[in-house]
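Reviewing the structure listed below.
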There are 2 protein chains.
Amino acid sequence: MAKSAVTIVDIARELGISKTTVSDALIGSGRVSEATRQKTLLVAQRMGYVSNRAARLLRRSQTGALGLYIPGHVRNLSFYMEFAFGAADESALHDLDLTLIGRGVGSKRRSGPPQVDGLIAVDPLDGDPVLESLLGSDLPVVTVGRILDETQSHPLAVIEIDHYSMATALLEALRAAGGRRPVLLASDEKFSSSYTVDVSRAYADWCSGSGIEPVVIPLSVTPTDQELTATVQRIAAQNDVDALVSVAQGLAGRAAPVLQSMGRRLGKDFHLGSLVGDPATELRNPLIHAVDLRPREFGHEAVNFMREIISGQASETGRRNHRATLTAG
Amino acid sequence: MAKSAVTIVDIARELGISKTTVSDALIGSGRVSEATRQKTLLVAQRMGYVSNRAARLLRRSQTGALGLYIPGHVRNLSFYMEFAFGAADESALHDLDLTLIGRGVGSKRRSGPPQVDGLIAVDPLDGDPVLESLLGSDLPVVTVGRILDETQSHPLAVIEIDHYSMATALLEALRAAGGRRPVLLASDEKFSSSYTVDVSRAYADWCSGSGIEPVVIPLSVTPTDQELTATVQRIAAQNDVDALVSVAQGLAGRAAPVLQSMGRRLGKDFHLGSLVGDPATELRNPLIHAVDLRPREFGHEAVNFMREIISGQASETGRRNHRATLTAG
DNA sequence: TTGAAAGCGCTACCAC
DNA sequence: GTGGTAGCGCTTTCAA
């Protein structure tokens, strides 16, 4: 608890100057002479001075924290975890705290919106009560992916990946490898975000552009092995199907052994694509074409976008893109 | 940006009383009459009052936030994600923020330890620089799992699962199902926590108590499919082996199709156990015996333990257990 | 049972 | 180029 008891007043006394000057020297406002500035910094360091965050924030009326909201249903997908810690790291780098917002926020006991300077909401889903309660505050918000609800009135900034292009590129890569008849393993209706909309559209457009009949198979984002196996077997049983593209993270990787046990040779007569490459099972598997969303960097960028919004450098309703990559496959 | 501009002064003016009284009423110090207290609470709520965290901190040297640290190498295991959000929910319930601590904390730019009232460190690993820097502050710390380093001098509270008993129970369950010769799929040395130590010991003891030769195969916690497949095939090729117990989350689930492709019939002539049941692939698979760590509830309990420590109800060096369960298998 | 006032450490706004 | 002073919103004495 013992905060470093040394304050700017102590430094001022030590140097025989005023605390105002010390403050200016420390901040680097350029008001003080370089000589006193250096002297002050030296003494500050020697005395082990650490700026009291609470006091600074109280003065500046900021909280020094960003809020991160991740919807519940998808939390065991590592993308979100990676994103979260990317965001935490970048926040820490800029002396911001990153506050995890659980579903408790919408509840009764909570005394109001979380104490943050801005909110980052990942994969915002229409009708999510926590999200709505968050949007009710007048904090700046960056959503990672778009909110689909047109009637949404809160000003929002959006950072997203061009999933349409990535999905198209993935389908092209699969075709180049020999996969001419890909089936889309889509998410079920419970998880309908701008991401799923974009990749579905990309798939539909690509199919129609290629004169191919689209086949979309819905599946839970976190299916049991039984569900997944049954679905994959059903798909692969169709003789003309020679490729499978998964919308949800990790399902291509889990489908691989199922297909192999059916005698399919991956990379030869059957091709797998993952639109959200799982780090361990898909991105590092040369037999799977996967999109690397670079979630950690994504987290960095979301935080920096928010920082720019807070500081007024970026618009509260700005749009920004994050670049994903395609593994060699 | 517009913080809820309403302060205790506003409330005081509204009610025609002093801000001291408002403060006392809100805090519930028992100094004011119940009548004014109720009135004050009502008005505060109506005006949308939210206590300013910075001001409170400046005055009381408390932050109203807890810090959560999760080491980097294991973050794509859903256990940690579930734990984190369990902690976030429980924190929110008690009007605390939960701050994610990234590796940025140990870095130079950061102006000191994170602004929290206490730290929860999950699976603390010896020699982790971030952890060390965290322990350097004199905040109360709850570790989830023990720190193995004996020389650690910082007073620590520990909450953990009795992994020894759970592992033993799992081995017994496998034996009851017919698995008499289990191999332990252990983590490699990079991930050596009290958890891995405990389950290794349980395995060794169980084997020696059963007159069975222990076989421990090290593997990365997040192996590629190739690594996992090769390892599992090598293990299963030994004719006397009829069971596999995985130390890392999800590996039993991923091993299942490998074994099936080798002709093993799960639950009949081969048995799988997971010491950290993965929600989607293992806990819901009746062919796999799995330990459910109940990570969400674990997060709740860690937070509540910390709350008790902060409030002085629990010792700073206390020990506490969290109950895990075994799936039917 | 309530109020007045001090002051946490800092930065912004004045003066000099 | 530097210093004095006010005050951010809150809790905590000390008085009434």
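A note on names: the letters A, B, ... follow the listed sequences, proteins ahead of strands, and every chain is numbered from 1.
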Counting side-chain heavy atoms from CB outward, which of [options] is closest to [X]?
X       : options               : answer
B:Ser18 : D:dG7, C:dG3, D:dG3   : C:dG3
B:Arg59 : D:dC10, D:dC8, D:dG1  : D:dC10
B:Ala55 : C:dG9, D:dG9, C:dA6   : D:dG9
B:Asp24 : C:dA5, C:dG3, D:dT12  : D:dT12
A:Ile8  : C:dG9, C:dT11, D:dG9  : C:dT11
B:Ser23 : D:dT11, C:dC10, D:dT2 : D:dT11
B:Arg60 : D:dG9, D:dT12, D:dC10 : D:dT12

d([atom1], [X]; [atom2], [N]) in whole Å:
X       : N      : atom1 : atom2 : value
A:Arg53 : C:dC8  : CZ    : P     : 21 Å
A:Arg56 : D:dG9  : CZ    : P     : 18 Å
A:Gln62 : C:dA12 : CD    : C1'   : 14 Å
B:Tyr49 : D:dG9  : OH    : C1'   : 8 Å
A:Lys19 : D:dG4  : NZ    : P     : 10 Å
B:Leu15 : C:dG3  : CG    : P     : 10 Å
B:Asn52 : C:dC10 : CG    : P     : 17 Å
B:Leu57 : C:dG9  : CG    : P     : 11 Å

Checklist entry - Counting N and O atoms only, with roles assigned by atom type, does the side chain of A:Asp126 sit under 3.5 Å from a partner on the main chain of A:Asp149, one being a donor and the other an acceptor? => result yes
Checklist entry - Does A:Ser33 have a side-chain nitrogen or oxygen under 4.0 Å from the phosphate oxygens OP1 or OP2 of D:dT2? => result yes
Item to check | Contact under 4.0 Å: B:Thr36 side-chain N or O vs C:dT2 OP1/OP2 | outcome: yes
Checklist entry - Under 30°, 30 to 60°, or over 60°: which ring-plane class applies to A:Phe298 and A:Phe83, parallel, tilted or perpendicular? => result perpendicular
Item to check | Distance-only donor-acceptor test (3.5 Å): side chain A:Thr20, base D:dT5 | outcome: yes
Checklist entry - Any ion pair linking A:Arg60 and A:Asp117 (charged N to carboxylate O, less than 4.0 Å)? => result no
Checklist entry - Going by heavy atoms in the side chains, are B:Ile161 and B:Tyr195 under 4.5 Å from each other? => result no
Checklist entry - Which heavy-atom pair separates A:Leu148 from A:Ser192 by the least distance, and what is that distance? => result CD1-O, 3.8 Å
